[in-house]
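In each ligand, atom 1 is the first atom listed, and ligand 1 is the first ligand listed. Just so it is clear, the model here is predicted, and its values are computed rather than measured.
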Amino acid sequence: MALLDAATEERIQGGPGLPQQRRLITELPGPRSAAILARKAEAVPAGVGHTVPVAAVAAGGGVVVDADGNSLIDLGSGIAVTTVGNVHPKIAAAVAAQAAQFTHTCFMISPYESYIEVAEALNRLTPGDFAKKSALFNSGAEAVENAIKIARKHTGRSAVVAFDHGYHGRTNLTMALTAKSMPYKSGFGPFAPEVYRAPMSYPFRDGLTGPDAAARAISQIEKQIGADNLAAIIIEPIQGEGGFIVPAEGFLPALADWCRANGVVFIADEVQTGFARTGHMFASEIFGVVPDLITTAKGIAGGLPLAAVTGRAEIMDASHSGGLGGTYGGNPIACAAALAAIDVFENDGVIERAQQIGSILTARLRALQAQDPRIGDVRGHGAMIAAEFVDPETNAPDTALTAAVAKAAIAQGVIVLTCGTYGNVIRFLPPLSIGDDLLGEGLDVVAEALAAA
Ligand code: PLZ
């Protein structure tokens, strides 16, 4: 049964757009996509991979349309970016208007109001009832880099702790923070120094309570680094690339309390979890933690490149004037898009929609799990839900099964993404503009792919 009436559906999808259907008129890739991808192989280095073998020409609602006219169901949102939907009319209009006004002055040269408005919105919307400030950048990795710079300057300390299964980016410092070697780090070192790794809470695999997992991490940090040397710990409230790992209750608050007691900056990396994705504006809210600094990107601007560090004013102000910036950070078109997206997040019922999508995904995947022990775990919040595939006898990660299911679903016109340290997790990150029917059909295809695998 559809959860949405037509008017709500139209409001959330941003009005009539592309036909909302899965339609395969060729095998994937069709001839036009194949020709474009052949040029990609010639012109773009092999290191820049792709998982869906089509060339996109349009997207919106819950579909991506390729160069041959195939229409694929989108359960990935370009890795959790187009949360409000691709080409949302409010965002498209704001971008067009700004592009006609001015495209760039450099905020460090002649500032403009929209950047300041985005900062004000972030200061208001992020958790924490205290004075905050925000600085804008271009990518999630750049936001993470700057959060670490700010924490080091504020504390006068250099060590940073990240967690097992954590993902924070592909630049040199953020590669060091990222846990997984292949494909992110292998051969790309040496990495930035003074980055340490602590054990994560991974309830499905470690069976520990949140407080016990936190005690384990804290003990390791105290013994191996020492609180006096530690500038910050950085953690994703729900790990994204690492496998949609939801820490046990109490884990994050215990870490945050320890940070506060020891003058360590607690950084929540909400690049993937932020902006309604988890059925809350920020995932930190789910766990009752108030980060000192929070990094955001992805969903913030409906597909335009924008990222931010937001946090306690006294920490954010640690840097000398001129210490933070970049040519494009807070580009005016990206800021216009972000203001339109934030309007949608606040006023168009998308947080509720993320919760509905979470209920649909969880119910369906749990029903599948009840019949198929190869699904070891179903977890996540809101429109950020995953299934972890295992060998039912041993619980060992089943990477091959996961890859086969994802590949078969994509061949049938459903974009799904895998993740996880062991590559054995299929994650569902649909745009919140997807309709119930399309979401259900996408899950049918995944279920068929699993049954056949
Ligand atoms: N922090 C929590 O999820 C980006 C990476 C995809 P950028 N995740 C998608 C890939 O394979 O490169 C991410 C994240 C978290 C930081 C980042 C980095 O964000 O905008 O990709 O730099």
With a cut-off of under 6.0 Å to the ring centre and 45° to the axis, is K185 in cation-pi contact with F191?
yes

Polar side-chain atom of E388 near backbone of N424 as donor-acceptor pair, under 3.5 Å:
no

What pair of heavy atoms forms the shortest contact from L208 to A248, and how long is it?
O-CB, 3.9 Å

Of the non-hydrogen atoms in R157 and V264, which two are nearest, and what is the gap between them?
NH1-CG2, 3.6 Å

Are F428 and F244 close enough that their ring centres sit under 6.0 Å apart?
no

Any chance the rings of F107 and Y328 have centres within less than 6.0 Å?
no

Option whose closest heavy atom lies nearest to atom 4 (C) of ligand 1, chosen from K298, E241, Q272, H168
K298

Numbered atoms and elements of ligand 1 in range of [X], under 4.0 angstrom, heavy atoms:
X    : value
S139 : 20 (O), 22 (O)
I79  : 6 (C), 9 (C)
Y184 : 11 (O)
R170 : 10 (C), 11 (O), 12 (O)

Identify the protein heavy atom lying closest to [atom], giving its residue, its atom name and the separation to 0.1 Å.
atom                    : answer
atom 22 (O) of ligand 1 : A141 N, 2.8 Å
atom 1 (N) of ligand 1  : D269 OD2, 2.7 Å
atom 20 (O) of ligand 1 : G140 N, 2.8 Å

Polar-atom distance check: [X] versus ligand 1, any N or O pair below 3.5 Å?
X    : result
Y167 : yes
E236 : no
E142 : no

Under 30°, 30 to 60°, or over 60°: which ring-plane class applies to F204 and Y202, parallel, tilted or perpendicular?
tilted

Can I get a per-line list of side-chain donor-acceptor pairs under 3.5 Å for residues 278-287, giving both atom names and the distance, sequence neighbours left out?
from, atom 1, to, atom 2, distance (Å)
S284, OG, E270, OE2, 2.7
E285, OE2, F282, N, 3.2

